Amino acid sequence: MPSKASAAEQIALLEKGADRIEPRAELRAKVERSVASGEPLRVKVGFDPSAPDLHLGHTVVMRKMKHFQDFDHEVWFVIGDFTGMIGDPSGRSKTRPQLTEDQIRQNAETYKEQVFKILDPEKTVVAFNSEWLSGLGAEGLVRLASRYTVARMLERDDFHRRFRGEQPISIHEFLYPLAQAYDSVAMKADFELGGTDQLFNLLVGRHIMREYGLDPQVALTMPLLEGLNGIEKMSKSLGNAVGVTEPPEEMYGKLMSISDELTYRYYELLTDRTPAEIAALRAGVGDGTLHPKRVKQDLAVQIVSDFHSPRDAAAARDQFESVFARGTVPDEMPSFTASSPIRMLDLLTSSGLAGSRGEGRRLLSQGAVSLDGERVLRDIAVAAPADGAVLKVGKRRFLRVVPAP
RNA sequence: GGAGUGGUAGCGAAGCGGCCAAACGCAGCAGGCUGUAAACCUGCCGGCUUUACGCCUUCGGAGGUUCGAAUCCUCCCCGCUCCA
């Protein structure tokens, strides 16, 4: 059941926001052919099963997958379990521990759960690349490897940099782009999506498909989302990411911490606002008719709504406003049961708000700690009333301290 | 296999016998400022304590030299380059 949308409509949405489309003419040709024949296009996206915690950066590509689904094309969500079993390749120095089949299955489930917040489960094929890669065998692998050269492999930016920077590159890392390319061969992909950093791998896919006598896929990359600090790409290990499963308040708070400039970028990549709408927001802030904080609030509400619900988003906004703008205490906070009376340092370390006693002392002396609104500067013994006391550390960490019975 | 060169805190990178728990940058934490948790400014940023130029555990690993070692020596492990 092909989409009723015209080729022109499809092309407009599919090209929107893309970083690179290689080659653009083929995208159009494929779409036109599909519209004419009624045959859906097959779109591939690969994910590494070792890190199932998705963050907003991943959703940029997923939104693009969704666009394809909106036109009833066939989206394949390929989980790289084969590569995952060998261990991580592009990882800098440390080889990750091999994943067991069990872990992979588990991670895959986690993936699906997160991914289907954006994608339509009905229109998504979930596949594991071990399905075809395991059967390849040593011989098949050698044959595959013979289709590409070391020189071309070294064109990949990170290989190139590491080679020149005298950093180690293991041979098996070369097999990764090839294995990924073979995925495209096996499933006869029309498109492969990925972040900009995937461009090389996607193009290897094109090359290898041709080598295997197939119509090569079109590589479509999406820009990498900058992390919260606006400098590096969003990544969990850099600590500048917003996970899609984070609670609403956490998500909202993190989004409010981005700079004004980054706000527009997030609108562009994380919402369905059109370029014209985003330009209007920017213009409104420029001439003073729109408050930048308001623009950012709307963004945060929108995104939280996508992953939770509009109600959660509104609640998160209200809490944020009351806590940070008006300095009041949030309605809900984790509670911690402690003996009472208790010395502040013991309380801080046992509750985990301070990593060590030294850190606790620092927090105290810096005036970061308060109990029921009273600043506590020294390691004194405090008592929590039966209904609990609010311990605040820094601007945003709250804990309700309940005395042990 | 041979010859070089290098392995320092979460990361990057100084130090090259004492004043080194180790400069500096980034990240992180806190305070100030603000429309926000941005930017900017200030402080902190191994652990413990009676907060003290005190104690304990750190500079790839194991030994050794020395009153004293991240710094010197020996062996081992690992990275990189060139040669084979």
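None of these values were measured; they are calculated from a predicted model. Sequence lines set the chain letters: A, B, ... in the order given, protein chains first and strands last, and positions in each chain run from 1.
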Student: Expressed as a whole number of angstroms, how long is the span from Asp379(A):CG to rU50(B):C1'?
Tutor: 13 Å

Student: Is it the case that the base of rG31(B) and the side chain of Gln366(A) share a donor-acceptor contact (distance under 3.5 Å, atom types as modelled)?
Tutor: no

Student: Would you call Asp272(A) and Arg63(A) a salt bridge, using N to O less than 4.0 angstrom?
Tutor: yes

Student: Grab the CG-P distance between Asp260(A) and rC40(B) for me, whole Å please.
Tutor: 14 Å

Student: Once hydrogens and angles are ignored, does a donor-acceptor distance under 3.5 Å link the base of rA30(B) to the side chain of Arg362(A)?
Tutor: no

Student: Distance check needed: rC29(B) C1' versus Lys395(A) NZ, whole Å only.
Tutor: 11 Å

Student: Could you label the plane-to-plane angle of the Trp132(A) and Trp76(A) rings as parallel, tilted or perpendicular, counting under 30° as parallel and over 60° as perpendicular?
Tutor: tilted

Student: May I have the distance from Arg357(A) (atom CZ) to rC45(B) (atom P), rounded to whole angstrom?
Tutor: 17 Å

Student: By nearest heavy atom, map Arg397(A) and Glu249(A) onto RNA chain B; which one lands nearer the 5' end?
Tutor: Arg397(A)

Student: Of all of residues 284-307 of chain A, which get a heavy atom below 4.0 angstrom from RNA chain B, listed by number?
Tutor: His291(A), Pro292(A), Lys293(A), Lys296(A)

Student: Would you measure the distance from the C1' atom in rU71(B) across to the matching atom in rG7(B) and give it in whole Å?
Tutor: 14 Å

Student: Using a heavy-atom cut-off of 4.0 Å across all strands, would you classify Gly394(A) as base, sugar-phosphate, or nothing?
Tutor: sugar-phosphate

Student: If the test is side-chain contact (heavy atoms from CB on, under 4.5 Å), which one of Leu353(A), Val369(A), Leu391(A) qualifies with Arg397(A)?
Tutor: Leu353(A)

Student: Suppose you measure atom C1' in rC53(B) against the same atom in rG18(B); what distance do you get, rounded to whole Å?
Tutor: 15 Å

Student: Would you measure the distance from the C1' atom in rC76(B) across to the matching atom in rG25(B) and give it in whole Å?
Tutor: 34 Å

Student: Would you indicate what Arg396(A) reaches in the nucleic acid, counting non-hydrogen atoms under 4.0 angstrom: base, sugar-phosphate, or nothing?
Tutor: base

Student: Could you state the atom-to-atom distance from CD of Glu261(A) to C1' of rG35(B) in whole Å?
Tutor: 17 Å

Student: Which whole number of Å gives the distance between the C1' atom of rA27(B) and that of rC78(B)?
Tutor: 27 Å

Student: Taking the same atom, C1', in rA84(B) and in rC75(B), what whole-Å distance lies between them?
Tutor: 26 Å

Student: Would you mind classifying the nucleic acid contact of Arg378(A) as base, sugar-phosphate or nothing, using non-hydrogen atoms under 4.0 angstrom?
Tutor: nothing

Student: Output yes when Asp260(A) and Lys293(A) qualify as a salt bridge under the 4.0 Å nitrogen-oxygen rule, no when they do not.
Tutor: no

Student: Could you check whether Arg317(A) gets within reach of a base, just the sugar-phosphate, or nothing at all, counting any heavy atom under 4.0 Å?
Tutor: nothing

Student: Can you list everything that forms a ring pair (Phe, Tyr, Trp, His ring centres under 6.0 Å) with His291(A)? Sequence neighbours excluded, please.
Tutor: none

Student: I'd like to check the ring pair (Phe, Tyr, Trp, His ring centres under 6.0 Å) partners of Tyr267(A); sequence neighbours left out, ordered by chain and number.
Tutor: none

Student: If we ignore hydrogens and angles and just use 3.5 Å, is the side chain of Lys296(A) paired with the main-chain N or O of Ile258(A) as donor and acceptor?
Tutor: yes

Student: So which heavy atom on Pro248(A) is nearest to which on Val304(A), and how close?
Tutor: CB-CG1, 3.8 Å

Student: Write down the distance between CD1 (Ile258(A)) and P (rU34(B)), rounded to a whole number of angstrom.
Tutor: 22 Å

